[in-house]
Amino acid sequence: MAKKSIIYRDIKRRDTVARFAEKRAAIDVVLKSSQSSEEEKFVARQALQKLPRNSSPVRLRNRCALTGRPRGVYSKFGLARGKLREIAMRGEVPGIIKASW
């Protein structure tokens, strides 16, 4: 299991990304617009740099909802491969059965 501090840091980042999503989207519109002047783009870049680093969605990491494991996470289920296997073997995930041939 991942350290609690790492799990809480990830939760805090997700909250920050959600909080600044609208501001970031508005700035991105100005930066990607071909009609914006160079001055407007310069001001938009400065505004983007003033936002917190953790407000960038690139800094998010997919983690297991149960253990906080960062690798081997199935995004469809939000679980790491080991925990997904355990839960699937108990039959608690609908639509997943053990393969047999």
Hey, mind stepping through Val43 and Glu39 against side-chain contact (heavy atoms from CB on, under 4.5 Å) and telling me if it holds?
CA-CA 6 Å; Val43 171; Glu39 286 183 19; 5.5 Å; no
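Apart from Val73 itself, the hydrophobic cluster it occupies contains nothing, where clustering links Ile, Leu, Val, Met, Phe, Trp and Tyr at side-chain heavy-atom distances under 4.5 Å. The hydrophobic cluster containing Phe42, built from Ile/Leu/Val/Met/Phe/Trp/Tyr side-chain heavy atoms closer than 4.5 Å, comprises no other residue.
In terms of heavy atoms, Ile27 sits closest to Ala44 at CG2-O, 3.4 Å. Looking at every heavy atom in both residues, Ala80 comes nearest to Cys64 through N-SG, 3.3 Å. Across all their heavy atoms, Gly68 and Ala2 have their closest contact at O-CB, 3.5 Å.
Taking the side chain to side chain contact (heavy atoms under 4.5 Å, CB included) definition, one finds that Ile6 meets it with Lys3, Arg9, Arg63, sequence neighbours left out. Val93 meets the side chain to side chain contact (heavy atoms under 4.5 Å, CB included) test with Phe77, Leu84, Ile87, Ile96; sequence neighbours excluded. Considering only residues two or more places apart in sequence or on other chains, Arg24 meets the side-chain hydrogen bond (donor to acceptor under 3.5 Å, both in side chains) condition with Ser55. Take Arg53 and apply the side chain to side chain contact (heavy atoms under 4.5 Å, CB included) test, not counting sequence neighbours, and it matches Arg59. Considering only residues two or more places apart in sequence or on other chains, Ile11 meets the side chain to side chain contact (heavy atoms under 4.5 Å, CB included) condition with Ile7, Tyr8. Residues that satisfy the salt bridge (Lys or Arg N to Asp or Glu O under 4.0 Å) test with Arg14, not counting sequence neighbours, are Asp10. Partners of Arg90 according to the salt bridge (Lys or Arg N to Asp or Glu O under 4.0 Å) rule, which considers only residues two or more places apart in sequence or in another chain, are Glu92. Glu40 is linked by a salt bridge (Lys or Arg N to Asp or Glu O under 4.0 Å) to nothing, counting only residues two or more places apart in sequence or in another chain.
Applying the salt bridge (charged side-chain N to carboxylate O under 4.0 Å, His left out) test to residues at least two apart or on different chains, the pairs with a partner in residues 72-87 are Lys83-Glu86.
Linking Ile, Leu, Val, Met, Phe, Trp and Tyr residues whenever their side-chain heavy atoms come within less than 4.5 Å places Tyr74 and Leu66 in a single cluster.
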Table please: side-chain donor-acceptor pairs of residues 28-36 below 3.5 Å, with sequence neighbours left out.
| residue | atom | partner | partner atom | Å |
| --- | --- | --- | --- | --- |
| Ser33 | OG | Gln35 | N | 3.2 |
| Ser36 | OG | Val30 | O | 3.0 |

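Within a 6.0 Å sphere centred on CD of Gln46, other residues, nucleotides and ligands contribute more than 12 heavy atoms.
How far OG1 of Thr16 is from CG of Leu51: 11.0 Å, rounded to the nearest 0.5 Å.
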